[in-house]
Number of protein chains: 2
Amino acid sequence: MTTLFKPIRPKKLSEEIVEQIKSLITDGQLKPGEKIPSEREMAALLGVSRPSVREAIMVLETMGLLESRQGGGTYVRSLTDGTLAPLAAMMEDNPELLKELLEVRMGMECWAAYLAATRATDAEIREIGDSVEEMARQAVRGGWSSEVDSRFHYAITTATHNTMQLHVLNTIHELFLATIEVALTKLYSQPQYIEVLLGQHRAIYEAIAARDGDRARRAMGEHLEWVQATLPRLS
Amino acid sequence: MTTLFKPIRPKKLSEEIVEQIKSLITDGQLKPGEKIPSEREMAALLGVSRPSVREAIMVLETMGLLESRQGGGTYVRSLTDGTLAPLAAMMEDNPELLKELLEVRMGMECWAAYLAATRATDAEIREIGDSVEEMARQAVRGGWSSEVDSRFHYAITTATHNTMQLHVLNTIHELFLATIEVALTKLYSQPQYIEVLLGQHRAIYEAIAARDGDRARRAMGEHLEWVQATLPRLS
DNA sequence: GTAATGAAATGGTCATACCAATTTAATATC
DNA sequence: GATATTAAATTGGTATGACCATTTCATTAC
């Protein structure tokens, strides 16, 4: 019952200013390239102090909606979809976070392999197998896409019959792909790695097909440790 | 050829402050839930004015990394709060998903126990032990709070030395607590359960202290399976 | 019409003050 | 010793006024 009520926090002035300016931009009353009133003018119009206006403009700049130039004014930016979510952007700036996310993923994928081995339906085991066969088909032609690898892991997570697991792993996988899809595709097309990777995927599939949870977890762990060790060598 | 060169714009002070605080968060020196120094203190430490610090904090709040409370201070948020926000919405719509979240958490806590056993410093092992001792002290008086349990799990996750693990688990833990803090506190105060739970927490601590990863993982798995089985009996 | 110079406008930073909310410490009571 | 109440301290929120740095605009000279 506690979830029905949420703490009420009064809005800061800067938040209200942000909302007003956002509305003017999304309504088209402030257009891309247009200059907004100066900080001093805005403060006078809104009946607030200049620091409060500055805080709101700072926030809108962070959102990518405005752009300030010292001495020159503040302009509305074009509404392009270029801004990455903050976490993905931070991961681009800091490869150590990516390595840590890989490790978080490892824990979750191993757990997923374990659960899948204990719960998968025959149809789900077939789908995992089919994705491995698709890898083998593309391997003959020089390597497989990161989509096929995603299909494999997605099928395993689906077989856990845990919706939350699927959502969390999907979110982590998207963050992951946003950063290293190019490197992964490179990995899946190197001749010296293809057979090793294919063998690892088969081992995972076979452990799940045998409904052996511990074996599935170990096989997944070995696969992901190998990937984690091999990716840095590609750069 | 013009795209090779970008205009050079001197960085604002607030931008430099943002970068410094971001680094402290991604390096794990500022952890989720932790309070950062006050605005006045930060201004003194950085040798800048309080409005400049405030602008930086405003920006970090917009990015979802910090959260300020008037009179109360400014706290680090989990990096994954934003990206995993849909989970909270899903759980509000469908409380049955709590069981699945418990299972996701189980996988991650077991992995954390394993990593902590292999990596914890002596000081970290001491902190885990201290939180178990605090449980024992409160147990004599009828049970312990969910804060003490959080401290125990937080100490284990900190000992993994994986910042992303800490952030993801923190987000999941807050989702978890938001739903069943009352039930957990009830669980931790039932006379027939207190001794069992204390024994389970001791077993986890001892396995980590023995630096036995597999044993730590099994102990954590047993504990969380027991909790998962027992919670429904309280309603 | 163009170039140089000065003034004005604008954003960036700062010091200081005060208000509002929260936390902590001190005191009184049982 | 525990609990409740009150006061003080701490912290974030907002404001005023000042000054610096950069850009834009107006004026003047050629």
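In what follows, chains carry the letters A, B, and so on, assigned in the order in which the sequence lines appear, proteins first and then strands, with residues in each chain numbered from 1.
Distances were taken from every side-chain heavy atom of A/Q70 (C-beta onward) to each of D/dG12, D/dT14, C/dG11; the shortest belongs to C/dG11. Each of D/dT14, C/dT13, D/dT11 was ranked by its minimum atom distance to the side chain of B/R40; first place goes to D/dT11. Closest to the side chain of A/S38, out of C/dT10, C/dC14, D/dG12, is C/dT10. Taking only side-chain atoms of A/E55, from C-beta outward, the nucleotide of D/dT14, C/dT13, D/dG12 with the closest atom is D/dT14. Relative to the side chain of B/S68, the nucleotides D/dG13, C/dC14, D/dA15 differ in distance, and D/dG13 lies closest. When the nucleotides D/dT16, C/dG12, D/dT11 are ranked by their closest atom to the side chain of B/K12, C/dG12 comes out on top.
B/L60 places its CG atom 14 Å from the P atom of D/dG12, with the value rounded to the nearest Å. A straight line from CD of A/E39 to P of C/dC14 spans 15 Å, rounded to a whole angstrom. In this structure, B/E67 places its CD atom 14 Å from C1' of C/dT22, rounding to the nearest Å. Rounded to a whole Å, the CD atom of B/E61 is 17 Å from the P atom of D/dT11. Put simply, CZ on B/R54 is 10 Å from C1' on D/dT11, counting in whole angstrom units. Straight-line distance from the CD atom of A/E41 to the C1' atom of C/dA8: 14 Å, rounded to whole Å. Distance B/M58 CE to D/dT11 C1': 13 Å, rounded to the nearest Å. Rounded to a whole Å, the CD1 atom of B/I57 is 14 Å from the P atom of D/dT14.
Within the structure, every side-chain polar atom (N or O) of A/R50 is placed at least 4.0 Å from both OP1 and OP2 of D/dT16. For C/dG12, neither phosphate oxygen OP1 nor OP2 lies less than 4.0 angstrom from any side-chain nitrogen or oxygen of B/S14. B/T74 has no side-chain polar atom (N or O) that falls below the 4.0 Å cut-off from OP1 or OP2 of D/dT11. Of the side-chain N and O atoms in A/S52, none sit less than 4.0 angstrom from OP1 or OP2 of D/dG13.
Both B/P51 and A/P37 lie near DNA chain C, and the one whose nearest nucleotide falls closer to the 5' end is A/P37. Between A/Y75 and A/V48, the one whose closest nucleotide on DNA chain D sits nearer the 5' end is A/V48.
Defined by atom type and a distance below 3.5 Å, a donor-acceptor pair is missing between the side-chain atoms of A/E100 and B/H161. Side chains of B/Q20 and B/E16: no donor on one and acceptor on the other come within 3.5 Å. Using modelled atom types, one finds a donor on one side chain and an acceptor on the other under 3.5 Å when comparing A/S146 with A/E181.
Classification of the B/F152-B/H201 ring pair by plane angle, with boundaries at 30° and 60°, yields perpendicular.
Residues B/V148 and B/Q138 are in side-chain contact: their nearest non-hydrogen atoms beyond the backbone lie under 4.5 Å apart.
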